[in-house]
Amino acid sequence: MRRSRVSHGRPVAAELLYIPQASVPELSGIDAPSGAARARAVLRELQRLELERQENAVELGSAGADDAKELDRLPGAPVLVVTTRFVVAGRTAALSVATYRADTCRLTFGDSGGVEIHDGPQRQAS
């Protein structure tokens, strides 16, 4: 599933969410045939699972053609890539690869391991 994250009318992230069929066994029973309605139905099914933990990894990268277009950047522009693995009952229930515009956001990490995205002006490195 591919989705965009927008803040204040500006694209800030492009996300790919990989969901193994075993994570949403009721998938075949979901009425929505495709598109946004089906995506929302799949996400609702995922939210019903009891999350054991999530594992985050952050790395610097450069925007590929698809992400650059979605983020309104040139290919090769700097990005932050956040990979999150959601674990339920000892197995991967979903894997998210989110590509953030490095010029518009700041990521902070809490004690719980959660990632918060803050949109706004960035500090310059010295």
Side-chain angles (χ1 to χ4, degrees):
M1 180 181 327
R2 186 168 184 88
R3 61 183 177 167
S4 297
R5 292 185 177 197
V6 178
S7 179
H8 305 293
R10 179 172 44 171
V12 294
E15 181 181 22
L16 283 171
L17 183 62
Y18 300 95
I19 306 163
Q21 179 132 8
S23 295
V24 283
E26 302 299 321
L27 185 61
S28 60
I30 294 174
D31 294 332
S34 64
R38 185 170 183 84
R40 284 190 298 274
V42 170
L43 290 174
R44 274 193 306 274
E45 288 299 314
L46 277 176
Q47 289 174 345
R48 292 181 182 159
L49 301 175
E50 291 187 34
L51 183 64
E52 185 177 304
R53 70 180 185 280
Q54 71 181 48
E55 301 166 353
N56 297 304
V58 178
E59 57 189 312
L60 300 174
S62 57
D66 290 341
D67 288 335
K69 183 176 180 180
E70 195 167 339
L71 296 173
D72 194 26
R73 299 280 90 189
L74 293 173
V79 294
L80 295 172
V81 180
V82 179
T83 303
T84 306
R85 186 170 85 103
F86 300 93
V87 179
V88 173
R91 62 178 173 74
T92 300
L95 181 74
S96 166
V97 179
T99 303
Y100 292 88
R101 285 178 54 155
D103 65 330
T104 61
C105 67
R106 173 175 48 99
L107 302 178
T108 57
F109 301 85
D111 290 338
S112 66
V115 179
E116 292 182 32
I117 301 119
H118 305 275
D119 183 291
Q122 298 303 298
R123 295 184 209 148
Q124 295 293 320
S126 54

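Values reported hereafter were calculated over all heavy atoms of this structure, with side chains retained and with hydrogens, waters and symmetry mates removed.
Across every non-hydrogen atom of A94 and L17, the tightest pair is CB-CD1, 4.1 Å. When all heavy atoms are compared, the tightest approach of T83 to L95 is CG2-CD1, 3.8 Å. Closest non-hydrogen pair, V12 versus S7, comes out as CG1-CB, 4.1 Å.
With R3 contributing its side chain and L16 its backbone, the two residues share no donor-acceptor pair below 3.5 Å. Checking side-chain atoms of E15 against main-chain N and O of T99 turns up no donor-acceptor pair under 3.5 Å.
In terms of hydrophobic clustering, with Ile, Leu, Val, Met, Phe, Trp and Tyr side chains grouped at heavy-atom distances under 4.5 Å, V81 and L71 are assigned to a common cluster. The cluster map of Ile, Leu, Val, Met, Phe, Trp and Tyr, joined by side-chain heavy atoms under 4.5 Å apart, puts Y100 and V58 in the same cluster.
In this structure S4 satisfies the side-chain hydrogen bond (donor to acceptor under 3.5 Å, both in side chains) test together with E70, sequence neighbours excluded.
A salt bridge is defined here as a Lys NZ or Arg NE, NH1 or NH2 lying under 4.0 Å from an Asp or Glu carboxylate O, and D72 with R10 fails to meet this definition.
Residue-environment remark: CG (L74) stays at or below the threshold of 12 foreign heavy atoms within 6.0 Å.
Sorted by first then second residue, the salt bridge (Lys or Arg N to Asp or Glu O under 4.0 Å) pairs that include residues 59-68, not counting sequence neighbours, are R2-D67. Note on residues 83-97: pairs passing salt bridge (Lys or Arg N to Asp or Glu O under 4.0 Å), not counting sequence neighbours, are E55-R85.
In this structure, the side chains of F86 and V88 stay at 4.5 Å or more apart for every pair of heavy atoms.
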